[in-house]
Amino acid sequence: MMKDKPPPSTSGSTRSSHDGSQTDQLCETTMKLSLQSTTTVSKHNLMKAQELITQTIQEGCPKRSPSDFTFLTSLGEGAYSQVFRCKENETDAAFAIKVLQKDHLLRHDKMDAIIREKNILLYLTQTCEGHPFITQLYTFFHDSARIYFVMNLVEAGDLSESLCHFGSFDSATTKFFASEILVGLQFLHEHNIIHRDLKPENVLIQQNGHISLADFGCAQAFGELVLSQAGFSDDDQASSKLSDSPFSTSRDDYYREQEEGSERRTTFVGTALYVSPEMLSDGDVGPQTDIWGLGCIMYQCLSGQPPFRAVNQYHLMKKIKNAELMFPEGFPKDLQELVASILVVDPNNRITREKLKDHQFFHDVDWVNILTATPPVLHAYCPATFGDQEYYSTVDGIEPGFDDRVAPRNLNFGNDSTSQPSTPSNAEAKNPFVPEKSEKQSSKSDARAELAEKWKIHNQNEWRVYTPQNLILKYGYLNKKRGLFARRRMFLLTEGPHLLYIDEGIKTIKGEIPWTPCMQVEYKNPGTFFIHTPNRVYYLFDPEKTAAEWCKAIEAVRKQYATVIEDIFTEAMRDGTFGDIYGKKKTRKEMVREQKALVRKQEQKEKEALKAEKKAAKKKAKQTEK
Ligand SMILES: Nc1ncnc2c1ncn2[C@@H]1O[C@H](COP(=O)(O)OP(=O)(O)OP(=O)(O)O)[C@@H](O)[C@H]1O
């Protein structure tokens, strides 16, 4: 904990009465700046803005400078910021520090928004004494080029990452997240703050498993906020209608952000997916706006997708404005009613926070002791749908790999004949490269002949265009499930190694399952298997019931390329490119380039091994000569 963290204020103003107008002045300055060149920020204006930032710093905040901290690793990036894991040099305490470039903020007219975010966070942390489910801002400082927010460190990622990893959650886990978000919202709303940007990315997860609501860049005050408590003058009270309050973003600002966002498609869609109808149509923006966000999150936790999705922004907004809600097959019936009572267009008809807490779904939540309740362990989980039962992963405690030792346990080989994998099906018969074949001991000429034969077959395979450099080892259609949604994809297991999946309809590689040393294949039954990777669990359903063959083939390839996989993984971890390599979707060009690099690497290794072998043989020969 920061050594001289000020005691939370329990009464009245902690700031001089002119601060609010100075913030307004800052807003004005930055507004004017935005009318000037959008690419250059004059030195004079930068200095003027800096002066104003200094004046808006809350009195009582611990005085700090960048040199008081050691900046360790990057925790994430926002549109205008980068957040670092830091250590306070004097105390060794860990913090998250958000760093913002001043000229970048000025150029994009974001200075006022940042000051507002800071004011709200300080108000919540200091005046309201903070809440364990809300990110806290301990202090704020700046130097000539940057602004720094020193926040509590929330280290276990966010809900969007967890959803990306697991696909969806069961009812109990959804209830856990929903109840903690409700408690966080209760704290905000009771202190007259609405978040307005509730979405899975902004629900951070602490090391202890509890949540921490973050990103107050869109937050605003509402109703009878006693602004003097927040450290602002009474003059501001009159303007707590938001447009020029230091706590607020006007609706125009919001729209402008959305408009700007439309050029940055991903950011825009990311935000708009969870935006409420009243934000889009000049309605009553209030606490009920956050309840909408909670409804969207609950829907996504249960189904694996946000409730409103469309091909473009126009259609998305139309769907949101009319709350055109559809529940996929398998969405729990009792929860359809609950989610539908949240995702109601008119905020006045939307179920309230209090009524939600009393809903049957939350009947076993101990609201009084929620802060000390034990969060659930997150599991890989595939909900029941399309005639399949639900599946929980049993991978915890099982070592990586799918070998002879694991196979009997997973496949029930042995006693239970009913659960044995099916005999090779037609699809398997079409795939000539079952791993047993490639593991056969053979003479050099046999091996060469076998390879030539493999290439001959490969060259007749219609899917070879997606993997020109590498032999296809196994292929077949699999249904890839994510929550309640499934997609049919052609999977190609190739040398390299690669495990690609192709969208047949648009004839495109949709993705690649990344190979890592800790990849785990989990067999469930002849038609079902999971692949665990560091970023995601893939739930795969095989209509041909050859899941066992897939598991064996993947594991055989993983073993064959173990050193290559290890090298790439270690390199990526060392260079900090792990996310780039294992997280992002790659273009076909990038994949081909990568495949070529892998092949080169493999060849190089083989050459070196051969050289070493020859050298050793020569040495031996010389020694025997002697
Ligand atoms: N207190 C924290 N502890 C740990 N990580 C954090 C913390 N705050 C933010 N982060 C990480 O940093 C990332 C960027 O956070 P930041 O608040 O700057 O961006 P943002 O406001 O969410 O992004 P945008 O500008 O797109 O809205 C977050 O996605 C999160 O992963």
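If you're wondering where the values come from, they're calculated on a predicted model, not measured in any experiment. Each ligand, and each atom within it, is numbered from 1 in the order the structure gives.
- Looking at ligand 1, you'll find an N or O of V154 within less than 3.5 Å of one of its N or O atoms.
- Contact check on E117 versus K98 returns a salt bridge, with a Lys/Arg side-chain nitrogen under 4.0 Å from an Asp/Glu carboxylate oxygen.
- An N or O contact shorter than 3.5 Å links D215 to ligand 1 by distance.
- Between the choices V99, V83, D197, the shortest heavy-atom distance to atom 6 (C) of ligand 1 belongs to V83.
- Annotation: T135 places no N or O atom under 3.5 Å from an N or O atom of ligand 1; distance criterion only.
- Using a 4.0 Å cut-off between charged nitrogen and carboxylate oxygen, R85 and E155 count as a salt-bridge pair.
- Atoms of ligand 1 found under 4.0 Å from any heavy atom of A96, numbered from 1 in the order shown, are 1 (N), 2 (C), 3 (N).
- Contacts of F485 classified as ring pair (Phe, Tyr, Trp, His ring centres under 6.0 Å), with partners at least two apart in sequence or in another chain: none.
- Annotation: E77 places no N or O atom under 3.5 Å from an N or O atom of ligand 1; distance criterion only.
- Ligand 1 is never approached by E201 to a heavy-atom distance shorter than 4.0 Å.
- With ligand atoms numbered from 1 in the order given, ligand 1 contributes 14 (C), 19 (O), 23 (O), 24 (P), 25 (O) to contacts under 4.0 Å with heavy atoms of G78.
- Test I97, N152, L122 against Y138 for side chain to side chain contact (heavy atoms under 4.5 Å, CB included) and you get one pass: N152.
- Put simply, the residue from H195, Q220, E278 that forms a side chain to side chain donor-acceptor pair (under 3.5 Å) with T289 is E278.
- A cation-pi arrangement is found for K118 relative to F140, the charged atom lying closer than 6.0 Å to the ring centre and inside a 45° cone about the ring normal.
- Heavy-atom contacts of S81 reach the following atoms of ligand 1: 16 (P), 18 (O), 19 (O) (cutoff under 4.0 Å).
- Between the side chain of R146 and the backbone N or O of L100 there is no donor-acceptor pair closer than 3.5 Å.
- Looking only at distances, a side-chain donor or acceptor of Y123 sits under 3.5 Å from a matching main-chain atom of H191.
- Side chain of Y80 to backbone of I114: no donor-acceptor contact under 3.5 angstrom is found.
- The heavy atom nearest to atom 26 (O) of ligand 1, considering only A79, G76, S212, is found in A79.
- Taking distance alone, with nitrogen or oxygen atoms compared against 3.5 Å, N152 approaches ligand 1 more closely than that limit.
- Between L153 and ligand 1, no pair of N/O atoms sits closer than 3.5 Å.
- When each atom of ligand 1 is checked for a heavy atom of L75 under 4.0 Å away, the hits are 4 (C), 5 (N), 31 (O).
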